Protein chains: 2
Amino acid sequence: MPAGRYHHGDLRTALLDAAEELIRAKGADGWSLREASARVGVSPSAAYHHFDSRDALMAALYDRLLVRLAERLAAAVARVPDGPARLVAYGRGYLRWALEEPALAALPAGGKRTTVVSRHPHDVLVAELDRLVAGGHLPARARPGAEFVVWPAVHGLARLVTDGHMRFDNDAEVDLHTERLTLAVLNGLIHEPPGTWAAARSPHTERLER
Amino acid sequence: MPAGRYHHGDLRTALLDAAEELIRAKGADGWSLREASARVGVSPSAAYHHFDSRDALMAALYDRLLVRLAERLAAAVARVPDGPARLVAYGRGYLRWALEEPALAALPAGGKRTTVVSRHPHDVLVAELDRLVAGGHLPARARPGAEFVVWPAVHGLARLVTDGHMRFDNDAEVDLHTERLTLAVLNGLIHEPPGTWAAARSPHTERLER
DNA sequence: ACAGAAATCTGAACACTGTTAAGATGGGGC
DNA sequence: GCCCCATCTTAACAGTGTTCAGATTTCTGT
């Protein structure tokens, strides 16, 4: 790891760190493999022993971010007592993260998932919805596929904000609006006419298939 | 416009067309200014007499797409009688478009808006929500800022699909799920406790300021 | 301890990119 | 008919992702 060494030690994560920092500073397109390599003190071609391509590096970085976000959301939710407030905390955590790191939150999907992510924000949401049902805050008949109603809403708000399509005056306004959105969706699920979507099949996700 | 001419005629829109087709074929990052210029039969630097940069071209293309989507949504909605079904038609139109042209739907925000877009999908949604209130399908007290609840939901579902995070088996499943999402949000707004969000200030949009 | 194999990194090269500057070309207004 | 200006070209620059042959280090088995 010191300057003199020929083998870096853990070049893979060092490159991920460098890329992450560059993206944070200059946006998702503002970094280059060469610049990241130079920052780590390594030749441009060294990266190809750890990643198939530049895009593969981004995909790996994306996976790392997902895990980090999932842990953050799980922690944020855990601080709140049972009830709809927990779902609000989920949404708020999601948006806070998007606001703090807009460049990272707007990272491209990365296409093919290389390794299965250990913990996904989606998992946290699923667990939270199950908890709402168990606590009697959400009717069991509305539960199937409910994550595919809440997830788009929260994710959509986050993307609209990071992409600059929606702007808030301050963080308090963001929280307030996130709460409104989350509770509206939850309320909508609660008041869903019985049996309406029983026949609907849920979409697929990286987390669901195999 | 024929091969022999020195002046192209309408190089600006020709470049936009070429870029659009390349993006449609090879993704948002799969096109280059040079390739688009070559396809139009013009030197690489000619584009700089019509656009400040590659990003500026993308921003202009993005604006053009927004207008096209807005017209499409307005037409889709116009075919449906008054009531919640119109909002469902809006969402369905949004998602159909995203499914048909995923590469274009996932275009980056483009940053600074250069010219004010003549007609924005957001405008169509606003008009639709006003119509719901006028027809008695949405309480007036839930109206303020309601577009910032519906928009994220629909937009979020579209992006999750175009980014490959959510996959459906066929178009019918997409429609069904879009309907569930849209109606859930609308129902949530209808059952909103009175006066809850009266103090909340709405976020800003390109359409709202000035 | 020593050989050989495997992993890791370098250096040079290729094709390609966005962007700029200086000059050629041709159409529109007086 | 003339000049001006928008338009386009040619040439070049710096920087990019990627590949390949070879140098260097660590690992493995005996």
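Just so it is clear, the structure is predicted and the values come from calculations on it, not from any experiment. Numbered from 1 within each chain, the chains take letters A, B, ... in sequence-line order.
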Check this for me, if you would: do [X] and [Y] make a salt bridge, where the nitrogen-to-carboxylate-oxygen distance has to be below 4.0 angstrom?
{"X": "D175(A)", "Y": "R180(A)", "value": "no"}
{"X": "D163(B)", "Y": "R159(A)", "value": "yes"}
{"X": "E100(B)", "Y": "R72(B)", "value": "yes"}
{"X": "E21(A)", "Y": "K26(A)", "value": "no"}
{"X": "R167(A)", "Y": "E173(A)", "value": "no"}

Which whole-number value in Å describes the distance from [X] [atom1] to [N] [atom2]?
{"X": "M58(A)", "N": "dG17(D)", "atom1": "CE", "atom2": "P", "answer": "11 Å"}
{"X": "F51(B)", "N": "dC8(D)", "atom1": "CZ", "atom2": "C1'", "answer": "15 Å"}
{"X": "D52(B)", "N": "dT20(C)", "atom1": "CG", "atom2": "C1'", "answer": "13 Å"}
{"X": "D10(B)", "N": "dC8(D)", "atom1": "CG", "atom2": "C1'", "answer": "15 Å"}
{"X": "Y48(B)", "N": "dT17(C)", "atom1": "OH", "atom2": "P", "answer": "12 Å"}
{"X": "R54(B)", "N": "dT19(C)", "atom1": "CZ", "atom2": "P", "answer": "8 Å"}
{"X": "L15(A)", "N": "dG17(D)", "atom1": "CG", "atom2": "C1'", "answer": "14 Å"}

TODO: Using the closest heavy atom to pick a nucleotide of DNA chain D for each, name whichever of H49(A) or L33(A) lands nearer the 5' end.
DONE: L33(A)
TODO: Kindly say whether, by distance alone, the side chain of S45(B) makes a donor-acceptor pair under 3.5 Å with the base of dT10(D)?
DONE: yes
- [ ] Would you state whether a donor and an acceptor, one from the side chain of R34(B) and one from the base of dG18(C), lie under 3.5 Å apart?
- [x] yes
- [ ] Answer yes or no: does a side-chain N or O of H50(B) lie under 4.0 Å from OP1 or OP2 of dC8(D)?
- [x] yes
Open item on the list: Under the criterion salt bridge (charged side-chain N to carboxylate O under 4.0 Å, His left out), I'd like the reasoning laid out for R24(B) against E101(B): C-alpha separation, chi angles, the key distance, then a yes or no.
Closed with: CA-CA 7 Å; R24(B) 213 192 308 268; E101(B) 322 237 48; 2.3 Å; yes
Open item on the list: Tell me which residues in residues 17-32 of chain A lie within less than 4.0 Å of DNA chain C, going by non-hydrogen atoms.
Closed with: none
- [ ] Take R92(B) and D171(B) through the salt bridge (charged side-chain N to carboxylate O under 4.0 Å, His left out) test and state the conclusion after the steps.
- [x] CA-CA 10 Å; R92(B) 177 154 37 207; D171(B) 285 10; over 6 Å; no
